[in-house]
Amino acid sequence: MITGKHALVTGGGSGVGKAIALALAEAGVAVTICGRRKEPLAATARENSRLHAIVCDVTKEAEVTALFAEAEKARGPFDIVVANAGMSGSSPAHRTSLADWQRTLDVNLTGSFLSVKPALAGMTKGKSGRIVFIASTAGLKGYGYVAPYVAAKHGVVGLMRALATELARTGVTVNAVCPGFVESDMLEESVQRIVEKTGRTVEQARASLSATNPQGRFIQPQEVAAAVLWLCSVEAGSVTGQALSLSGGETW
């Protein structure tokens, strides 16, 4: 049972983050969602009274610190942190600018670290807590034309393993969920980039991406949410340091 807990879900206004936030709220958790865009956050918060929205850029430490102060004053310390905020782009490595490289690492890797760091001391002191990083199969294998994203997600998996080792005796578990291509806004952005750069149709672009999954389909946001919900449960108390692949067998 996780009823009565307080969770943070970054990037909680849409896509996978929204699905996770709603699943936690429906399980009786008070959920603080954050992101850079006010409108999607507000719209998501209206879907369940247990959701509370705060605008925050997870790449800026001062904003994350302020978020923790505001949310914990209102609803108590975070028992669960789901570091979900992320972004991707696509280009050959030799055409990737330093600015694009840095931005990708800032959002996906540094943002993940900044999102969980303020919770560590309290969770350790309380000898309880759940930290879940939303990584990707790109954290478990390589893909062409997305070098910054692959590097960042490998970093997220490494960060998870380091924290799991560090916190193993504290009662705090740290895990990562690594989905393949998820039916989401990020997927649609990838499809559009393929269409623009290759001249393929939308259907052909979607087919090329879904073919990476041996089941021949896209992962659904609710599947990711269900995995997170389980990792946050009492029954998953012995599961830590794991990178859970949701990929139809693409990787493990």
Side-chain angles (χ1 to χ4, degrees), residues 2 5 7-27 29 31 33-35 58 78-88 107-109 111-113 115-116 119 123 129-141 143 146 149-165 167 172-187 190 212-215 217-252:
I2 57 176
K5 302 293 186 180
L8 170 65
V9 180
T10 69
S14 62
V16 169
K18 177 179 178 178
I20 293 168
L22 287 171
L24 287 168
E26 288 163 7
V29 177
V31 185
I33 57 174
C34 76
V58 297
F78 285 114
D79 306 287
I80 298 165
V81 175
V82 182
N84 165 75
M87 55 83 67
S88 68
V107 174
N108 293 286
L109 179 53
S112 292
F113 172 68
S115 297
V116 305
M123 287 185 176
R130 296 286 186 268
I131 296 172
V132 183
F133 294 99
I134 306 304
S136 166
T137 50
L140 303 174
K141 60 175 285 187
Y143 293 93
V146 285
Y149 186 74
V150 170
K153 291 301 187 180
H154 270 70
V156 169
V157 172
L159 172 60
M160 175 275 291
R161 289 172 174 158
L163 291 178
T165 301
L167 302 175
V172 180
T173 67
V174 189
N175 294 284
V177 177
C178 301
F181 287 106
V182 180
E183 193 81 64
S184 65
D185 291 343
M186 188 178 291
L187 174 69
S190 296
T212 64
N213 182 329
Q215 294 179 338
R217 67 181 184 89
F218 295 121
I219 308 301
Q220 298 302 304
Q222 291 76 15
E223 294 179 275
V224 183
V228 171
L229 207 61
W230 175 69
L231 288 172
C232 292
S233 70
V234 173
E235 291 77 11
S238 65
V239 180
T240 193
Q242 302 304 304
L244 180 60
S245 175
L246 302 184
S247 63
E250 178 190 357
T251 188
W252 52 84

Between [Y] and [X], is there a side-chain heavy-atom distance shorter than 4.5 Å?
{"X": "Asn175", "Y": "Val177", "result": "no"}
{"X": "Arg130", "Y": "Lys5", "result": "no"}
{"X": "Phe133", "Y": "Val157", "result": "no"}
{"X": "Leu167", "Y": "Met123", "result": "no"}

Atom of [X], atom of [Y] and distance for their closest heavy-atom approach:
{"X": "Glu183", "Y": "Pro221", "result": "O-CG, 3.3 Å"}
{"X": "Val31", "Y": "Ala25", "result": "CG2-N, 3.8 Å"}
{"X": "Pro179", "Y": "Val224", "result": "CB-CG2, 4.1 Å"}
{"X": "Ser115", "Y": "Leu8", "result": "O-CD2, 4.1 Å"}
{"X": "Leu229", "Y": "Ala27", "result": "CD1-CB, 4.1 Å"}
{"X": "Thr137", "Y": "Ser247", "result": "CG2-CB, 3.6 Å"}

So, taking the atom named [atom1] in [X] and the one named [atom2] in [Y], what distance separates them when rounded to the nearest 0.5 Å?
{"X": "Ile20", "Y": "Gln222", "atom1": "CD1", "atom2": "CD", "answer": "10.5 Å"}
{"X": "Met160", "Y": "Ile131", "atom1": "CE", "atom2": "CD1", "answer": "11.5 Å"}
{"X": "Phe181", "Y": "Asn213", "atom1": "CZ", "atom2": "CG", "answer": "10.0 Å"}
{"X": "Leu246", "Y": "Cys178", "atom1": "CG", "atom2": "SG", "answer": "8.0 Å"}
{"X": "Ile2", "Y": "Leu231", "atom1": "CD1", "atom2": "CG", "answer": "10.5 Å"}
{"X": "Lys18", "Y": "Asp185", "atom1": "NZ", "atom2": "CG", "answer": "9.5 Å"}

Under 3.5 Å: donor-acceptor pair, side chain of [X], backbone of [Y]:
{"X": "Ser88", "Y": "Tyr149", "result": "no"}
{"X": "Thr10", "Y": "Ala85", "result": "yes"}
{"X": "Asn108", "Y": "Lys153", "result": "no"}

State which residue, out of Asn84, Val228, Val9, fulfils the side chain to side chain contact (heavy atoms under 4.5 Å, CB included) condition with Val16. Asn84
